[in-house]
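Every chain is numbered from 1, with letters handed out A, B, ... down the list of sequences.
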Number of protein chains: 2
Amino acid sequence: MTLQTKPATEPISKSRLRLWLKLLKLTSGIEATLRRRLRDNHDTTLPRFDVLSALSRYPDGLKMSDLSTYLKVSNGNVTGIVDRLTEEGLALRVASPGDRRAQVARLTPNGKAAFDALARHHEAWVDDLLTGLSADEAKTLTRLVEKALAAQEQP
Amino acid sequence: MTLQTKPATEPISKSRLRLWLKLLKLTSGIEATLRRRLRDNHDTTLPRFDVLSALSRYPDGLKMSDLSTYLKVSNGNVTGIVDRLTEEGLALRVASPGDRRAQVARLTPNGKAAFDALARHHEAWVDDLLTGLSADEAKTLTRLVEKALAAQEQP
DNA sequence: TGGTCATATTTCAAGCATAAAATTTCGTGC
DNA sequence: GCACGAAATTTTATGCTTGAAATATGACCA
């Protein structure tokens with residue numbers, strides 16, 4: 001009797017599909033945990049965190065369109081998130097000097113402080129959620145992921 | 001002059017965070033491409049595809065609650081997606097024999113045919129999006145991802 | 001000057017996602 | 001039989017997300 005979980009001739013497309021499903025399971029799981037902790041412990045969301053993170057790298061602010069390019073989300077999307085951050089006193093809009101069409105979004109001091117606190121927790125959470133990997137394994141994994149990324153064509 | 005992109009003493013938490021950001025970039029990129037192709041080429045969405053996929057594995061159907069457990073999404077969420085699949089003639093609800101609270105969702109013949117066609121394209125797309133990796137690299141990556149998955153604790 | 005096209009943003013409609021509330025039915029203990 | 005808590009589902013309110021339409025301004029050219 002022969003035990004064989006997969007045929008020796010299995011096409012590579014099948015192993016790539018299996019890899020994709022595992023990757024998705026890992027990232028969705030981590031993301032779900034991050035969302036839940038942001039919500040339960042800090043009463044905020046991942047999209048808000050992402051916007052705070054982007055703005056914290058640009059102390060002078062970012063045009064709405066640059067923000068949407070940076071985060072790879074639609075213009076209408078950032079409009080809504082920045083609206084809510086503004087209501088919460090974490091961000092504000094400034095008229096762009098020299099172009100009356102454009103708005104520059106930036107953090108308030110409260111927003112900067114809120115992000116700094118969140119970022120510390122976020123890093124610790126990610127560290128915790130990837131404890132299964134040693135430093136070497138993390139580096140190997142990073143290298144392979146980078147290789148996969150390099151070959152990505154969009155259309 | 002010394003070139004040093006990262007300090008030798010960099011804590012492992014930083015390399016794990018970098019890994020997380022790369023992982024996220026890879027999976028979000030692939031997912032975005034899959035969503036766009038489902039939409040542009042087949043006029044459907046990833047959540048619908050996921051439900052079709054789950055139901056295709058259970059020809060006798062799945063209770064709504066089992067479907068939401070299987071897909072790891074909320075009950076209210078599956079209600080809406082199955083509603084839309086039903087309107088499109090791809091799924092239907094059957095009363096559960098012996099429990100008048102429960103509904104069993106299952107595919108129509110049209111739904112089964114639609115899924116089979118989508119699944120072929122989906123596998124080819126994933127294969128295409130991961131062409132950067134050889135069979136060996138894909139296996140190494142899968143093994144490391146599985147290791148990371150095994151160490152996941154939820155809370 | 002005025003016309004025209006491009007750019008920056010917001011608004012809108014639809015779908016996806018969640019948690020929490022509401023509804024219906026089940027099962028059990030009395 | 002019936003009271004009562006548990007389970008299955010739907011409904012509701014809110015937020016995220018997109019693509020497309022609408023609005024306003026800029027840039028350029030005739």
Rounding to a whole Å, what distance do you find between [X]:[atom1] and [N]:[atom2]?
X: A:Ile81; N: C:dT11; atom1: CD1; atom2: P; value: 15 Å
X: B:Glu31; N: C:dC16; atom1: CD; atom2: P; value: 14 Å
X: B:Tyr70; N: D:dA8; atom1: OH; atom2: C1'; value: 21 Å
X: A:Gln103; N: D:dT25; atom1: CD; atom2: P; value: 11 Å
X: B:Glu87; N: C:dA14; atom1: CD; atom2: P; value: 12 Å
X: A:Asn75; N: D:dA21; atom1: CG; atom2: C1'; value: 14 Å
X: B:Asp83; N: C:dA14; atom1: CG; atom2: C1'; value: 15 Å
X: B:Leu67; N: D:dA8; atom1: CG; atom2: P; value: 14 Å

Taking the minimum atom-to-atom distance to the side chain of [X], which one of [options] wins?
X: B:Ala102; options: C:dT9, D:dA8, D:dG15; answer: D:dA8
X: A:Asn77; options: D:dT18, C:dT18, C:dT10; answer: D:dT18
X: B:Val73; options: D:dC16, C:dT18, D:dT9; answer: C:dT18
X: A:Ser65; options: D:dA8, C:dA17, C:dT9; answer: C:dT9
X: A:Asp99; options: D:dG26, C:dC16, C:dC26; answer: D:dG26
X: B:Arg84; options: C:dT18, C:dG15, C:dT9; answer: C:dG15

Checklist line | A:Glu123 and B:Lys14 ion-paired at < 4.0 Å | finding: yes

Checklist line | B:Arg35 with B:Glu31: basic N within carboxylate O range, under 4.0 Å | finding: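 Salt bridge between B:Arg35 and B:Glu31, a charged N being under 4.0 Å from a carboxylate O: yes.
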
Check: Reckon A:Leu46 touches a base, only the sugar-phosphate, or nothing at all at heavy-atom distances under 4.0 Å?
Finding: nothing

Compare side-chain N and O positions of [X] against OP1 and OP2 of [N] and report whether any pair is under 4.0 Å apart.
X: B:Arg39; N: C:dG15; value: no
X: B:Arg100; N: C:dC26; value: yes
X: B:Thr79; N: D:dT9; value: no
X: B:Arg93; N: D:dT10; value: yes
X: A:Ser74; N: D:dG19; value: no

Checklist line | For A:Arg93, all residues meeting side chain to side chain donor-acceptor pair (under 3.5 Å), sequence neighbours excluded | finding: A:Asp83

Notebook entry, point to check: Taking all non-hydrogen atoms of both residues, which atom of A:Gly132 and which atom of B:Ala151 are closest, and how far apart?
Noted result: CA-CB, 3.3 Å

Margin query: Any donor-acceptor pair, under 3.5 Å, between the side chain of A:Arg101 and the base of D:dA24, if you only look at N and O atoms?
Written below: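 Not at all, since no donor on one side and acceptor on the other fall under 3.5 Å apart.
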
Item checked: Side-chain touch B:Val104/B:Asp66, heavy atoms, less than 4.5 angstrom -> no

Margin query: Judged by each residue's nearest nucleotide on DNA chain C, which is more toward the 5′ side, A:Met64 or B:Gly98?
Written below: A:Met64

Checklist line | Residue closer to the 5' end of DNA chain D, A:Thr45 versus B:Lys63 (nearest nucleotide) | finding: B:Lys63

Notebook entry, point to check: In terms of ring plane angle, is the pair A:Tyr70 and A:Tyr58 parallel, tilted or perpendicular, where the classes change at 30° and 60°?
Noted result: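 Because their plane-to-plane angle is over 60°, the rings of A:Tyr70 and A:Tyr58 count as perpendicular.
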
